[in-house]
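Input: a single structure, listed below in structure tokens.
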There are 2 protein chains.
Amino acid sequence: MADLDAEAVDIEIIAHGPNIRSKPETRLWLRLLSTTKLISTEIRKRLRAEFGATLPQFDLMAQLFREKEGLRLGELSKRTMVTNGNITGLVERLEADGLVLRETPTGDRRVTVAKLTPEGAKVFAAMAAAHEIWLRDLMGDVDPQLITSLWSQVGEIKASATNHMTGTAED
Amino acid sequence: MADLDAEAVDIEIIAHGPNIRSKPETRLWLRLLSTTKLISTEIRKRLRAEFGATLPQFDLMAQLFREKEGLRLGELSKRTMVTNGNITGLVERLEADGLVLRETPTGDRRVTVAKLTPEGAKVFAAMAAAHEIWLRDLMGDVDPQLITSLWSQVGEIKASATNHMTGTAED
DNA sequence: GCGAAACCTTTGACATTTGAAATATCGGTT
DNA sequence: AACCGATATTTCAAATGTCAAAGGTTTCGC
């Protein structure tokens, strides 16, 4: 951390209140972040309590659930936005639990394909059902039309962000 | 992870496409999550590259920046939504970097108050300025009015979620 | 003022996270 | 058939994350 020039910034802009003085983009960002964190924490808590699973495990299984033939680890990494190194450990733990299995296709030995075991599919189906109910519950006070329109509007944010970054990513 | 009943779930509802079959709440949630993760990753990358800081460190400093008298660690924990145990280490590292200092008020020796050092305030001011620019950049393609209206609409989601959870939290 | 309940922070055991470096394999060139 | 660049996964160190239990302190009821 280096020596930086404070005078370049109008302190007041950032200083007060619940971000009242921040620029709209920053305010929206802080709200997105806190909302997501809030709901994540709750979902994680419930996943843990009712299924002994973590959120990343749920995400990963969700991807495998809709690709019965399985997915390569790199593909899993992209889809879940989890780094490669992390996928390794995640899949290892799920394999140890008997929910996922790993296999190397005959053609290319660099590749590892992960797929759900029948047990894994069963467990995930139950988790997914609960997950949907939890979300309807958590968003229960919100007008259903707003939910739908938010989906596409947040999509605009996402598209813009994707446009303006060094790397890339998808849905 | 126990043996669960798959028949309880209509597989098709979850199975296909980019969540086309999911309920609106679930779709919105997945989009919020992926959008937030996308932007977080980019912000983290830039914070690291330009300031050698992490996102949790930035969050923590942001809270201290607008409370010149400092904040108790428990208060910091609530505001940043970071667990107590984690605040300890976070503040320790920032203190080691000379950006934050800890002191125990005379009145109550249970308490530790963290505040920014002058150096910390200087560094944060520069980070905050850059942060705002990055966000304007990332959301640059979006109609400014939409940004503002999203802020309040996402607020409705947040309020609803807050209403429907076991614990509590604030803005 | 004494003891119990309440409060604030730290500690400890572990799981997860990232980013970068290391490994392993493939495909094509020569 | 050895090599090079591109791919795919794993490993590693450091930071962050949770949860639960332990440590001091304060406050309150009596």
Side-chain angles (χ1 to χ4, degrees), chain A residues 1 33 36-38 40-49 52-60 70-97 102-114 166-167 169, chain B residues 1 33 36-38 40-61 70-97 99-100 102-114 166-167:
Chain A
M1 299 256 208
L33 204 52
T36 302
K37 213 164 183 176
L38 187 69
S40 281
T41 298
E42 182 67 16
I43 298 281
R44 176 172 21 242
K45 211 174 288 185
R46 297 189 190 186
L47 268 179
R48 176 192 183 74
T54 65
L55 201 47
Q57 287 173 348
F58 177 76
D59 279 356
L60 194 155
L71 285 171
R72 291 141 57 122
L73 299 196
E75 187 54 29
L76 264 179
S77 171
K78 272 183 223 147
R79 296 202 191 184
T80 58
M81 298 198 237
V82 161
T83 50
N84 274 342
N86 207 10
I87 290 286
T88 299
L90 223 32
V91 171
E92 259 169 14
R93 271 166 246 128
L94 287 170
E95 192 175 34
D97 286 343
R102 261 184 299 193
E103 52 190 37
T104 297
T106 49
D108 188 340
R109 266 180 313 178
R110 288 172 303 181
V111 172
T112 301
V113 169
T166 45
Chain B
M1 299 252 205
L33 204 52
T36 302
K37 214 165 185 175
L38 187 69
S40 281
T41 298
E42 184 67 16
I43 299 282
R44 177 173 17 243
K45 211 175 290 183
R46 298 190 189 186
L47 268 180
R48 176 190 184 73
E50 301 194 18
F51 299 97
T54 65
L55 201 45
Q57 287 173 350
F58 176 77
D59 278 356
L60 195 155
M61 292 176 76
L71 285 171
R72 291 139 60 123
L73 300 195
E75 189 54 28
L76 264 178
S77 171
K78 273 183 220 146
R79 296 202 192 182
T80 58
M81 298 199 234
V82 162
T83 50
N84 274 342
N86 207 12
I87 290 285
T88 299
L90 222 32
V91 170
E92 258 169 16
R93 268 165 247 129
L94 288 169
E95 192 175 33
D97 286 344
L99 301 175
V100 158
R102 262 184 298 194
E103 53 190 34
T104 297
T106 49
D108 188 340
R109 269 180 310 179
R110 290 171 301 181
V111 172
T112 301
V113 169
T166 45

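Worth knowing before you read on, the calculation uses all heavy atoms, side chains too, and leaves out hydrogens, waters and symmetry mates. Letters go in sequence order (proteins before strands), and every chain restarts at 1.
Of the side-chain N and O atoms in A/Gln57, one or more sit less than 4.0 angstrom from OP1 or OP2 of C/dT16. OP1 or OP2 of D/dT18 sits under 4.0 Å from a side-chain N or O of B/Thr83. In this structure, A/Arg48 does not reach the D/dT18 phosphate: none of its side-chain N or O atoms is under 4.0 Å from OP1 or OP2. Phosphate proximity of C/dA24 to A/Arg109: absent, as no side-chain N or O sits under 4.0 Å from OP1 or OP2.
Look at CG on A/Leu38: it is 16 Å from P on D/dG17, rounded to the nearest Å. Look at CD on A/Glu103: it is 18 Å from P on D/dA8, rounded to the nearest Å. Rounded to an integer number of Å, the gap from CG of B/Leu90 to C1' of D/dT18 is 14 Å. Atom NZ of A/Lys45 and atom P of D/dC19 are 6 Å apart (whole Å). Atom P of nucleotide C/dT16 and atom CZ of A/Arg44 are separated by 10 Å, given to the nearest angstrom. Between A/Arg46 atom CZ and D/dT18 atom C1' there is a gap of 18 Å when expressed in whole angstrom units. When the P atom of C/dC7 is taken as reference, atom NZ of B/Lys78 falls 10 Å away, rounded to whole Å.
Atom CZ of A/Arg44 is separated from atom CZ of A/Arg46 by 13.5 Å, given to the nearest 0.5 angstrom. Between atom CG of residue A/Leu76 and atom CG of residue A/Asn86 there is a gap of 11.5 Å, rounded to the nearest 0.5 Å.
When the local axes at the two ends of the helix from C/dG1-D/dC30 to C/dT30-D/dA1 are compared, using 5 base pairs at each end, they differ in direction by 10° after rounding to 10°.
Checked by atom type and distance alone, the side chain of A/Ser77 pairs as donor or acceptor with a backbone atom of A/Val82 at under 3.5 Å. Although no hydrogens or angles enter the test, the distance criterion places no donor-acceptor pair under 3.5 Å between the side chain of B/Glu75 and the main chain of B/Arg72.
Considering only side-chain atoms of B/Val82, the nucleotide from C/dT17, D/dT25, D/dG17 that sits closest is D/dG17.
Residues B/Thr112 and B/Glu103 form no side-chain contact, since every pair of their non-hydrogen atoms from C-beta on lies 4.5 Å or further apart. Residues B/Leu71 and B/Arg79 form a side-chain contact, since some pair of their non-hydrogen atoms from C-beta on lies under 4.5 Å apart. Taking the side chain as every heavy atom from C-beta outward, B/Ile87 and B/Thr80 approach each other to under 4.5 Å.
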Test side chain to side chain contact (heavy atoms under 4.5 Å, CB included) on B/Ile43 and B/Leu55 and set out the steps. CA-CA 8 Å; B/Ile43 299 282; B/Leu55 201 45; 3.9 Å; yes
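Looking at which nucleotide of DNA chain D each of A/Lys37 and A/Asp108 is closest to, the 5′-most match is held by A/Asp108.
Residues satisfying the side chain to side chain donor-acceptor pair (under 3.5 Å) test with A/Arg110, not counting sequence neighbours, are A/Asp108.
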Are there any protein N/O atoms within less than 3.5 Å of an N/O atom in nucleotides 9-12 of chain C, and if so, which ones and at what distance?
{"from": "C/dT9", "atom 1": "OP1", "to": "B/Leu73", "atom 2": "N", "distance (Å)": "3.2"}
{"from": "C/dT9", "atom 1": "OP1", "to": "B/Thr112", "atom 2": "N", "distance (Å)": "3.1"}
{"from": "C/dT9", "atom 1": "OP1", "to": "B/Thr112", "atom 2": "O", "distance (Å)": "3.0"}
{"from": "C/dT9", "atom 1": "OP2", "to": "B/Gly74", "atom 2": "N", "distance (Å)": "2.6"}
{"from": "C/dT10", "atom 1": "OP1", "to": "B/Arg102", "atom 2": "NH1", "distance (Å)": "3.4"}
{"from": "C/dT10", "atom 1": "OP2", "to": "B/Thr88", "atom 2": "OG1", "distance (Å)": "3.1"}

